[in-house]
Amino acid sequence: MFHQRWIRNVVALSAVLLVISFCFWAYMAAVSRGNQKRIESYRHQLGADSAGELYALSIEQRDPQLFELRDVGLLSDFQFIVDQEIEVRSNSEREGGYTLTTNQLQEMLLQMRNSPQKQAPEIVDLTNPNMINSYRICVSLVGACCQSQGTSSGTLTGEQTLLAMKADQERWMIGVELIESVYSGGLLLDEMCRLSLLDLLLNRCIELISSADPDFLEQAAAILARIKMPTDGLVRALQIESLIVLDQIESGGLPFTGPFDLRYYLDRQIPIYLDPFGATMPGLGEPPFYAVLSRLTWRINHEGTIAISRRAGARLRAVRGAVDATAARIRGEEWIPPAGVELLDSPGGVAPRIHIIGGPEEADVFLPR
């Protein structure tokens, strides 16, 4: 039978294909084993075997000096406050401003403080149908916290003006505790909501600093110290979401994932999750055709998100510096910037500004005159 050339060619070709298939199978098996070792190493570095475990660990290990965490779902209990505000404003001839009183906001704060502490879900996923509505409610509440109660007719006495200023300061502190309690320590979407609202509150804090009230400056310094650094929040949010993906792969929730796809994901994104603020971030180009997992999970612009978090962190540190510098000036003391912070003179007689070394210039804060 083997005397015929075409038969010998077929047998030889079949043997070659068999060897190639075996080698390819062995290579895929080696890649799979390598992926599993890298996943185990990554989980060991994070100190958790699943997203739920890391979520719970993050809550358990949260700095006790920060605000206590509350479930974002409690915001739905405040829907009636927002509805009341909308109804009153629609029936009012006032333009702009918020109708929520300081007493209403204080009652809301008390209700939040009496609510159960945040618990990590047993199964962590990226879907949260209540997130959009919760964020809309929180935007309305924080907006009210950043506004003065009512409008001034210009006939307030000195004592009334002082009481109004104290109320504005109280409203600001309520807003900070609100967003830190419900949005800090969550997933990436929670973190981005927190940074968005934190920017509004920091801008309001800069306005309130100009009052040069020593009592408020002391309170503001204590409040700002209880805010979780945005850079720390982003790192943990990314790590929890990365474990969600790995959990789904192991449970068969992502059946299309292959060993080469997973290896590209591990090569490209795990280094970012471990150190998103490193000098270089590998593999930020367009994923290749076979990297289905990276294409699906690369649903956000990581570079843009990291830049937002970096700016928010610099802004927070700059505002804290402005509070401390203003308080020192009132006491007649010299303010010495801490490490990483510098006080720069501005040209043209503009007030000096606080700059965070390595941070973007748009995060700088000008000191009140």
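The figures here come from the full heavy-atom set of this structure, side chains too, leaving out hydrogens, waters and symmetry mates.
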Test item: Ser309 side-chain N/O and Ile306 main-chain N/O as donor-acceptor pair under 3.5 Å
no

For the pair Ser181 (side chain) and Leu178 (backbone), establish whether a donor and an acceptor sit closer than 3.5 Å, ignoring hydrogens and angles.
no

How many angstroms lie between OH in Tyr264 and CG in Asn35, if you round to the nearest 0.5 Å?
14.5 Å

List, one per line, each side-chain donor-acceptor pair under 3.5 Å for residues 212-234, sequence neighbours excluded.
{"from": "Asp213", "atom 1": "OD1", "to": "Asp215", "atom 2": "N", "distance (Å)": "3.1"}
{"from": "Asp213", "atom 1": "OD2", "to": "Lys166", "atom 2": "NZ", "distance (Å)": "2.7"}
{"from": "Asp213", "atom 1": "OD2", "to": "Gln169", "atom 2": "NE2", "distance (Å)": "3.4"}
{"from": "Arg226", "atom 1": "NE", "to": "Gln65", "atom 2": "O", "distance (Å)": "3.3"}

Verdict with supporting geometry, Arg43 and Glu250, salt bridge (charged side-chain N to carboxylate O under 4.0 Å, His left out):
CA-CA 13 Å; Arg43 286 172 169 163; Glu250 291 191 342; 3.0 Å; yes

Can you sort out the partners of Arg353 under salt bridge (Lys or Arg N to Asp or Glu O under 4.0 Å), two or more places apart, ordered by chain and number?
Asp364

Taking Asp345 for its side chain and Pro352 for its backbone only, find out whether a donor-acceptor pair lies under 3.5 Å.
no

Residues in salt bridge (Lys or Arg N to Asp or Glu O under 4.0 Å) with Arg38, at least two apart?
Asp267

Please answer whether the main-chain N or O of Gln111 pairs with a side-chain N or O of Asn114 as donor and acceptor at a distance below 3.5 Å.
no

Contact between Leu343 and Leu367 at the side-chain level, heavy atoms closer than 4.5 Å - yes or no?
yes

Any chance you could measure Gln106, atom CD, to Met173, atom CE, to the nearest 0.5 Å?
9.5 Å

Transitive ILVMFWY side-chain link Ile356 to Leu195, under 4.5 Å
no

Checking Trp335 side chain against Thr326 main chain: does a donor-acceptor pair fall under 3.5 Å?
no

When you compare the side chain of Val182 with that of Asp71, does any pair of heavy atoms fall below 4.5 Å?
no

Look at atom CD of Glu361 and say whether more than 12 heavy atoms of other residues, nucleotides or ligands are closer to it than 6.0 Å.
no

I want to check something: taking the side chain as every heavy atom from C-beta on, are Arg315 and Val365 in contact at a cut-off of under 4.5 Å?
yes

Hydrophobic clustering (ILVMFWY, side-chain heavy atoms < 4.5 Å, transitive) - are Val319 and Leu200 grouped together?
yes

Measuring from atom OG of Ser211 to atom CD1 of Ile209, what distance do you get when rounded to the nearest 0.5 angstrom?
8.5 Å

State, yes or no, whether a side-chain contact exists between His355 and Glu342 at a heavy-atom distance under 4.5 Å.
yes

With a 4.5 Å heavy-atom cut-off, do Phe78 and Cys138 have their side chains touching?
no

Which pairs would a plain distance check flag for residues 44-54, meaning a side-chain donor or acceptor within less than 3.5 Å of a matching protein atom at least two apart in sequence or in another chain?
{"from": "Ser50", "atom 1": "OG", "to": "Glu53", "atom 2": "N", "distance (Å)": "3.2"}
{"from": "Glu53", "atom 1": "OE1", "to": "Asp49", "atom 2": "N", "distance (Å)": "3.4"}

Interatomic distance, OH@Tyr135 vs OG@Ser196, rounded to 0.5 Å, equals 3.0 Å

Carboxylate-amine/guanidinium proximity below 4.0 Å for Arg329 and Asp324:
no

Surrounding CD of Glu334 (heavy atoms of other residues, nucleotides or ligands, distance under 6.0 Å), is the total greater than 12?
no

Which residues, ordered by chain and number, are linked to Leu110 in its hydrophobic cluster, where ILVMFWY side chains connect at heavy-atom gaps below 4.5 Å, directly or through other members?
none

Do Leu344 and Ile206 sit in one hydrophobic cluster, given that two such residues count as connected whenever their side-chain heavy atoms are within less than 4.5 Å of each other, even indirectly?
no

Find out if a path of hydrophobic residues (ILVMFWY) with successive side-chain heavy-atom gaps under 4.5 Å connects Val341 to Val323.
no

Look at Arg204 together with Glu207 and state whether they make a salt bridge at an N to O cut-off of under 4.0 Å.
yes

How long is the gap from CG on Asp247 to CD1 on Ile240, to the nearest 0.5 Å?
11.5 Å

For the residue pair Leu74 and Asp77, establish whether any side-chain heavy-atom pair is separated by less than 4.5 Å.
yes

Is there a chain of hydrophobic side chains (I, L, V, M, F, W, Y, each step under 4.5 Å between heavy atoms) that links Ile174 to Val176?
yes

Find the distance between CG (Asp63) and CG (Leu66) and round it off to the nearest 0.5 Å.
4.5 Å

Might you work through the side-chain contact (heavy atoms from CB on, under 4.5 Å) test for Cys205 and Trp172, ending with a clear yes or no?
CA-CA 7 Å; Cys205 182; Trp172 174 80; 3.5 Å; yes

Val245 versus Tyr265: any side-chain heavy-atom pair under 4.5 Å?
yes

Do Ile244 and Tyr55 touch side chain to side chain, with heavy atoms closer than 4.5 Å?
no

Residue list, salt bridge (Lys or Arg N to Asp or Glu O under 4.0 Å) with Arg263, at least two apart or on another chain:
none

Do any N or O atoms from the side chain of Arg194 and from the backbone of Tyr183 form a donor-acceptor pair under 3.5 angstrom?
no

Minimum-distance pair of heavy atoms, taken over all atoms of Gly321 and Ile354
C-CD1, 3.2 Å

Leu188 backbone acceptor or donor facing Glu241 side chain under 3.5 Å:
yes

Could you give me the CA-CA distance, side-chain angles and deciding distance for Arg236 and Gln239, then say whether side-chain hydrogen bond (donor to acceptor under 3.5 Å, both in side chains) is met?
CA-CA 5 Å; Arg236 184 43 55 95; Gln239 291 172 351; 3.1 Å; yes

